[in-house]
Structures are given as C-alpha cells and as structure tokens.
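Labels below follow one simple rule: chain letters A, B, ... track the order of the sequence lines, proteins then strands, and each chain is numbered from 1.
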Amino acid sequence: MTPAALRTELEKVLESSVRSLWGELIPDEFQAGVSGSDNLEFGDLSCQTAMKLARIVRDNPRSIAVKIVEIASDRFEGISAVKVDGPGFINFTLSDDYLASVAFRLAFGGLQPLLLDAGRGREALVEFVSSNPTGPLTVGHCRQAVLGETISSLLETVGWKVSREYYFNDAGRQMDLLGESLAVRYTSAQGDESAVPESGYHGNYILEWASGLRALKGTGLTWESDRDTFIGFAEEKAMEMIRSDLSLLGIEFDRYFAESELIPGAVTEAIERLSRITVDGKSLVYSDDDGSEKLWLRFTSLGRPKDRVIVRDNGTYTYRMPDIAYHIEKFSRNYDLMVDIFGADHLDTSRDVTTALEYLLGTEEVSKRLKVIIHQFVTLVRDGRKIKMSTRSGEFVTLRELIREAGSADVTKYLFLTRKAEAHMDFDLDLARKQSSENPVYYVQYAHARIAGILRTASEAGIVPPDEFSGELAELLNGKHERELMRLLESIPVEVAAAADAMEPHRITEILANLATGFHRFYQHVRVVDCDNMDISAARLMLCEACRRCISGLLSILGVNAPDKM
RNA sequence: GCCCCCGUAGCUCAGCAGGAUAGAGCGGCGGUUUCCUAAACCGUAGGCCACACGUUCGAGUCGUGUCGGGGGCACCA
C-alpha cells in the first residue's frame, strides 16, 4: 500500500462510519480529512473530523470521536493503534510493518512509484521564459527558467506528460529596434555607441554580432536597403545566445513558438471572434471615429480597468492581441492543463488576456485548464548592496554571469527555489559563493555523499540490503531512531504530490532540508555498518538506500546533482 | 491613478485545505569525533505571528480596515 492509498483508505473508512452512525444528517460533500501530526505523542496521522461534526450531529466532539473509532477500528489497514485525544482528535499510529514496507519500496524502486498518480495519462503544456530574442537572458529570466523547468519536472514526477514551450515575439517594434541597433554598430567602424537609438539596444554583445556580420557579408549593407538581413541576423544570434544560456541550466524546450506564425491569420480571426461578442449591446472591438486603422478592445465591459489598443494606427498589433491568439491556439491543442509562468510586469496583460479568453472560450473552460503563475522579481545582492538592473540600457547581470558568480548552476537553481514564486527575492551572491554550512545546497548534498560513503563501506564489508520484504525486517528496525526516519520517509511521497498539485517547487527544498536533517540525526545515533550484526546492518542499510534514493530523486526534480563524494 | 507581493526569533525565511505546546537555517552561549565524511549532531537562550475588529468550538492561517516595507502597470513586449 502506498502512503497516498493508506490515507485515502483511512478517510473512506472514517466517512462510511460517520454515515452509518448519523446517516441523513451528514451532507453529501462531507469528507474526513487525515493529515500528518507534527508531534510524536499524537501518533503519526490525525483526523479532526469529530470537531467539525459537533454542530451537525449535536454532540460533543470527544464522544463523536469515540463512537467513530468504536465502529471503525477493526477496519484500518497499516495502523497499529488508534486513540482519541484532546478535544476530539482521532490519532493513528502507523504499524511498524507498514512503515518498513514503505522504506523497502523506496529503497528498491525509488520515489516515483509511490507518488499519487495524479497526472496519469494527462498532458500539460508549460510556457515559460518567453523572452524576446533581443539579447542574453538576465537574472529575472533565470528565476523564471528555474521555476518553469522545476514545475515541469515536478508535474512529470507525478505522472503528467509535459511539453515545455517558449513563445517569442519576432514581429514587433522591438525587433526593428534591435536590427537598427545592430546596423549602427555594423556601419560605424569602431561600433560607435552614440548613434544607437536611445530606446535601442546598447549591450556589448551587439558589437560581436556586428563584426560577425561584417565577416559574413562584408561591409556593404545599409539599414535602409537591408533591414531584413539585419533583423534576421540579430534574431538568429539572439536565439543562439538564449539557447546556450538555457543549456547552462540544463533546460531544453520542446518547441519555440514564433509570434509570426500567428500573423496575420490567427490574429485576424481572433479579432473577428472578439468583435462578434457584444456586451450591453456594444461590440467588444471598436475604432476611433478618425478613420484610422486603430482598434480598441472594450476591456471595461469585461470588468477590467481600461480599454486597450489592440491594433495601432499603422496596422501593427500591440502585445495583447497576438497573445490572445496564441492562447486560443494553445487551447485548440487539447492539453488538459496549460501553465503560464510570467514575471510581475506581465500581471495586467495576463489578466486582460485571461479575461478575453473567458469570454471567447467560457469561464469554466479557462479556469479549469489555464493556470497562471506570476513570480515577483529578483534583486541581486553583492557585498551587502543591491544591484540595479535594466535590460535595454545594457546594465544588467546576465544569467551567465549570475551562474559564474554564484559558483555553479546547482547553487543558483537551489537558491532560487528556496522562495515561493510570488515572494520578492534577494539573491545573495556572497551566500551562494560560500561553500559552508550556511549554504543549504551543501547541507543536502552532504547527506547524499555521506550515505554514498556508507554504501561503499558496506559493500566492502560484504553487507547487502535485503532483497525482499518480510516481517523480520520490520522487527530489525523497531528502534526509536529507525522508526523516526521511516516515519519521515513515509510522509515524503504525500508531500511531493501536494507540492506538485499546488505547483510550488519551493516545497521540495523544504522537504529536502527535512530529509537531510532526519538522516544526519539518524547517522549520528545509529551505526550502520557492523560486521558483528549482519542482519541489523543490512536492514539499516536498506533505510540508508531509501534516503539516498529520495534525496537524489528530489534533487533531480530540481535539476541539481547528487554527488557521491564531497 | 490602478494593481500585485510581503510584514512570524537578532538576520534570512517555512508554516501544506483554520486545529492540540509556533518551526528551520544562520548568528549567540554550552557540549559531542579511538567508530560508516564534524560541510555533521545534541542542548540552551530568543516570539502579544505589524495592529484593530469580525467569522467560530478553535485564527499565524479566512474576511474587512489601518499602518509599514518592496515592486509592477502606458499604443514596449
């Protein structure tokens, strides 16, 4: 039985007991929740349902709890003791046999087979980074890249089939500016910056592109007659740069989706669909009376704060419109779940897009299938001071520089994932560089390396973990420290599934830290390799292996190495 | 102007669908290595969970308001 199944089973037994006791008093939606207890004296699992039932069945919670336990107690599986405590908590103690069997399964099959198969057979599309090809990725993109990748692999771990997609704008004004910035650098022999348009791109990487372009095409190109060459070359170089930045984090996208694929067909169609919708007798799309091509979307009729321009005077689209078309396209691909990961600067836009989609596709459809995660920005801290960043001016810290300064991609990824997405984050470079106990990555990796060391020593001593589960194995592990560790291991699949469900990867770093602490404590109190007690050594070795596989499995969700030596 | 996030130990932050005595790391103080990695472990001090009101058997958690801090938003994307 998996930890998830045990809890579900327990809840079912409790629910059916409650219904058989109080029948029609109990509402249809009633559920008996079982959760972990944080205090050992209250057992391993706990149910608070008696308190919630007090008012419905007009009895005191304690006597309700006692009644439930009386009729249900012989139907609990994997439970060795049930007790009513305090005001009416029902507390369960997990049986030694069950705990040892979970550890055994972890040791031999790893974490994944024990996870709730929440995503089985379903497909998800995760869109992230989606930075325009105008230069190297920055610190902000780095946080998003790490979040998106980790959410993707977290979903995969619980059984989803995940596609990672990168949407980029290759058709807008920014690409013109980029091309022009390149043209200026290309034309002036020293790559004189003064001529670069003020709102253009000033980064030094454009100098390298310029000399690359001169090497390839000579010096005869001009911005006036070779616009497409400049823009095309810049885009190609920028995408190269971005892919290589992403590879530093071990990220590969399944698809790069270009905005130009949607223009004009899909966008025109989306505008038509929107203009057919009327709210309070007025079409959602309207134009000014001056005869220009400009079109507005009447967001105020949809409960949004402002109407927005969707087509400019010159016939080009503002950001929102292709994005709406892109989302319609994504919905048509029939994913069960679409996740958008955006920075805080996209909040307003993203809500507009979501609102428009709700009117086009139905509110329920959108809220069921689209999940938008907005993450707050990162501030870099170096020598105790915050660093200012801005992309267009060229004063920014790139993802590449960040990883180099932090010391490794592992540290960078892990530190980003110690905060929840929606919290502002100070990334402390000085802390990242410290190879000491202050740095949480090393704490976890050290636990893994320690276990690997034990396994090496054990194998030299000829001790191997048992290859099948038996009641004797559980008896060998009935010590206090063994039990505590098994209890911790047992809770991990449930917590990982919950983290995946909530799409909150920062919980994984929490779980890892707890697991590392649990193991270090065990290690301190219990000697594993002992040639005078081969049976007990083998059993304890199995526990070590279970820990090791959990740690490496969780680290691999984060894309972080699990070293065998440090 | 509109919107978002945060306010929990000296510092950086967890706290999973409201539950039993509020947690971790770092820093402080005091301990633990004839033994599988001391990058570890154990103990200890340190909290009106910003404030007020409300919802209820019960609030760090939910609601409203106040105060304080951070950030975002334009026919850029």
Side-chain angles (χ1 to χ4, degrees), chain A residues 31 33 35-39 41-42 46 48 51-52 54-55 60-61 85-89 91 130-132 134 168-169 172-175 177 199 259 294 296 305-306 308-314 316-320 322-323 343-349 351 374-377 379 391-392 418-426 428 431 434-443 445-447 449-458 460-461 463 494-495 498-499 501-502 504 506-507 509-511 513-514 516-517 519-530 537 540-541 544 565-566:
Chain A
Q31 284 184 315
S35 58
S37 331
D38 26 275
N39 193 325
E41 79 180 85
F42 300 131
S46 172
Q48 297 113 20
M51 270 94 79
K52 293 185 169 67
R55 199 156 40 146
N60 82 71
D85 284 312
F89 293 99
N91 291 329
S130 292
S131 159
N132 286 340
T134 57
F168 68 101
N169 180 299
R173 210 172 83 83
Q174 293 308 315
M175 294 311 293
L177 274 171
S199 52
E259 183 195 17
K294 188 193 281 186
W296 293 77
K306 274 182 179 170
R308 302 285 182 176
V309 172
I310 52 173
V311 180
R312 299 191 192 89
D313 283 342
N314 63 8
T316 59
Y317 305 109
T318 62
Y319 173 76
R320 282 177 178 75
D323 208 32
D345 53 340
H346 274 63
L347 183 76
D348 267 12
T349 321
R351 285 194 175 169
I374 304 277
H375 67 89
Q376 297 294 319
F377 284 11
T379 311
T391 310
R392 300 226 174 106
T418 55
R419 295 278 172 285
K420 54 186 166 192
E422 59 271 19
H424 286 278
M425 173 170 196
D426 287 345
D428 188 338
L431 171 64
K434 274 187 197 154
Q435 304 218 349
S436 75
S437 52
E438 280 177 69
N439 196 324
V441 192
Y442 296 112
Y443 182 74
Q445 290 185 322
Y446 180 57
R450 257 188 161 174
I451 298 171
I454 295 174
L455 296 174
R456 283 191 296 270
T457 310
E460 281 160 24
I463 300 168
V494 177
E495 293 194 22
D501 198 45
E504 292 182 346
H506 77 279
R507 291 204 216 166
T509 57
E510 284 286 313
I511 297 169
N514 286 336
T517 300
F519 175 76
H520 284 310
R521 183 176 299 152
F522 172 79
Y523 176 91
Q524 207 70 29
H525 294 285
V526 176
R527 171 85 197 175
V528 177
V529 179
D530 177 0
S537 282
R540 287 173 177 168
L541 200 59
C544 292
K565 279 185 180 166
M566 282 174 77

Colleague: Quick one: do the Ser37(A) and Asn39(A) side chains pair a donor with an acceptor below 3.5 Å?
Modeller: no

Colleague: Separation of Arg351(A) atom CZ from C2(B) atom C1', in whole Å?
Modeller: 11 Å

Colleague: Go through A77(B), C3(B), A14(B) for me and flag the one nearest to the Tyr319(A) side chain.
Modeller: A77(B)

Colleague: Taking NE2 from His525(A) and P from U33(B), how many angstroms apart are they, rounded to a whole number?
Modeller: 14 Å

Colleague: Describe the nucleic acid contact of Lys565(A) in one word from base, sugar-phosphate, nothing, applying a heavy-atom distance below 4.0 Å.
Modeller: base

Colleague: Can you check the Met566(A) CE to C36(B) C1' distance for me, whole Å?
Modeller: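 For the pair Met566(A) CE and C36(B) C1', the rounded distance is 17 Å.
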
Colleague: Report the nucleotide, chosen from G15(B), U21(B), A77(B), that has the shortest atom-to-atom distance to any side-chain atom of Asn39(A).
Modeller: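 Comparing G15(B), U21(B), A77(B) against the side chain of Asn39(A), the answer is U21(B).
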
Colleague: Can you tell me the Watson-Crick or wobble partner of U44(B), both distances under 3.5 angstrom?
Modeller: G28(B)

Colleague: Does a side-chain N or O from Arg521(A) land closer than 4.0 Å to OP1 or OP2 of C42(B), or not?
Modeller: yes

Colleague: Nearest heavy atom decides the nucleotide; on that basis, is Asp426(A) or Glu259(A) closer to the 5' end of RNA chain B?
Modeller: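 It is Asp426(A) whose nearest nucleotide is closer to the 5' end.
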
Colleague: Given that both distances must come in under 3.5 Å, which nucleotide forms a Watson-Crick or G-U wobble pair with A22(B)?
Modeller: none

Colleague: Answer yes or no on whether Arg450(A) is positioned over the face of Tyr523(A), meaning its NZ or CZ is under 6.0 Å from the six-membered ring centre and within 45° of the axis.
Modeller: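 Ring-cation test returns yes.
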
Colleague: When rounded to the nearest Å, what value does the distance between C1' atoms of G63(B) and C2(B) take?
Modeller: 22 Å

Colleague: Under 5.5 Å between ring centres and under 30° between planes: true for Tyr523(A) and the base of A40(B)?
Modeller: no

Colleague: What is the distance, to the nearest angstrom, from the CD1 atom on Ile451(A) to the P atom on A40(B)?
Modeller: 15 Å

Colleague: Sub-3.5 Å donor-acceptor pair from the side chain of Thr457(A) to the main-chain atoms of Gly453(A), do we have one?
Modeller: yes

Colleague: Using the side-chain heavy atoms of Gln524(A), tell me which of these nucleotides is nearest: U32(B), C36(B), A77(B).
Modeller: U32(B)

Colleague: Can you tell me the pairing partner of C67(B) across any strand shown, Watson-Crick or G-U wobble, with both distances under 3.5 angstrom?
Modeller: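 Checking every strand shown, C67(B) finds its partner in G7(B), with both distances under 3.5 Å.
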
Colleague: Is His506(A) near enough to G15(B) that one of its side-chain N or O atoms lies under 4.0 angstrom from OP1 or OP2?
Modeller: yes

Colleague: Would you mind pulling out the nucleotide paired to G1(B), Watson-Crick or G-U wobble, both distances under 3.5 Å?
Modeller: C73(B)

Colleague: Name the orientation of the base relative to the sugar in U33(B): syn if the glycosidic angle is within 90° of 0, else anti.
Modeller: syn

Colleague: Ring of Phe89(A) versus six-membered ring of A20(B): centres under 5.5 Å and planes under 30°?
Modeller: yes

Colleague: Among A20(B), C3(B), C13(B), which is the nearest nucleotide to the side chain of Phe42(A)?
Modeller: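 The closest nucleotide is A20(B).
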
Colleague: Write down the partner of U56(B) under the Watson-Crick or G-U wobble criteria, each distance required to be under 3.5 Å.
Modeller: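 Per the H-bond distance test, none.
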
Colleague: Say whether Asn132(A) and Asn169(A), considering side chains only, have a donor N or O and an acceptor N or O under 3.5 Å apart.
Modeller: no

Colleague: Checking side chain to side chain donor-acceptor pair (under 3.5 Å) between Gln376(A) and each of His424(A), Glu422(A), Lys420(A), which is the one that passes?
Modeller: His424(A)

Colleague: Would you say the side chains of Asn91(A) and Ser46(A) form a donor-acceptor pair under 3.5 Å?
Modeller: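 Yes.
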
Colleague: Measure from NE2 on His424(A) to P on C4(B) and round the result to the nearest Å.
Modeller: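 Checked: the NE2 to P distance equals 13 Å.
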
Colleague: Whole angstrom is fine here: how far is it from CD1 in Ile374(A) over to P in C6(B)?
Modeller: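 So the two atoms are 13 Å apart, to the nearest Å.
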
Colleague: Is a salt bridge present between Arg507(A) and Glu504(A), judged by a nitrogen-to-oxygen distance below 4.0 Å?
Modeller: yes

Colleague: Now, which nucleotide makes the Watson-Crick or G-U wobble pair with U33(B), with each of the two distances under 3.5 Å?
Modeller: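 Paired with no nucleotide.
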
Colleague: Tell me if the side-chain of Asn91(A) makes a donor-acceptor pair with the base of A20(B), cut-off 3.5 Å, by modelled atom types.
Modeller: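 Counting by modelled atom types and ignoring angles, a donor-acceptor contact under 3.5 Å is found here.
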
Colleague: For the side chain of Asp345(A), counting heavy atoms from C-beta on, which of A40(B), C73(B), A20(B) is nearest?
Modeller: C73(B)

Colleague: In whole Å, measure the gap between the C1' atoms of C6(B) and U61(B) for me.
Modeller: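 Taking atom C1' in both C6(B) and U61(B), they lie 15 Å apart.
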
Colleague: Taking atom P of G23(B) as reference, at what distance in whole Å does atom CZ of Arg507(A) sit?
Modeller: 19 Å

Colleague: Return whichever of Val309(A) or Ser46(A) has its heavy-atom-nearest nucleotide of RNA chain B closer to the 5' end.
Modeller: Ser46(A)

Colleague: What's the OH-P distance between Tyr446(A) and A39(B), to the nearest Å?
Modeller: 5 Å

Colleague: Looking at the side chain of Thr517(A), which of G19(B), C41(B), A17(B) is the nearest nucleotide?
Modeller: C41(B)

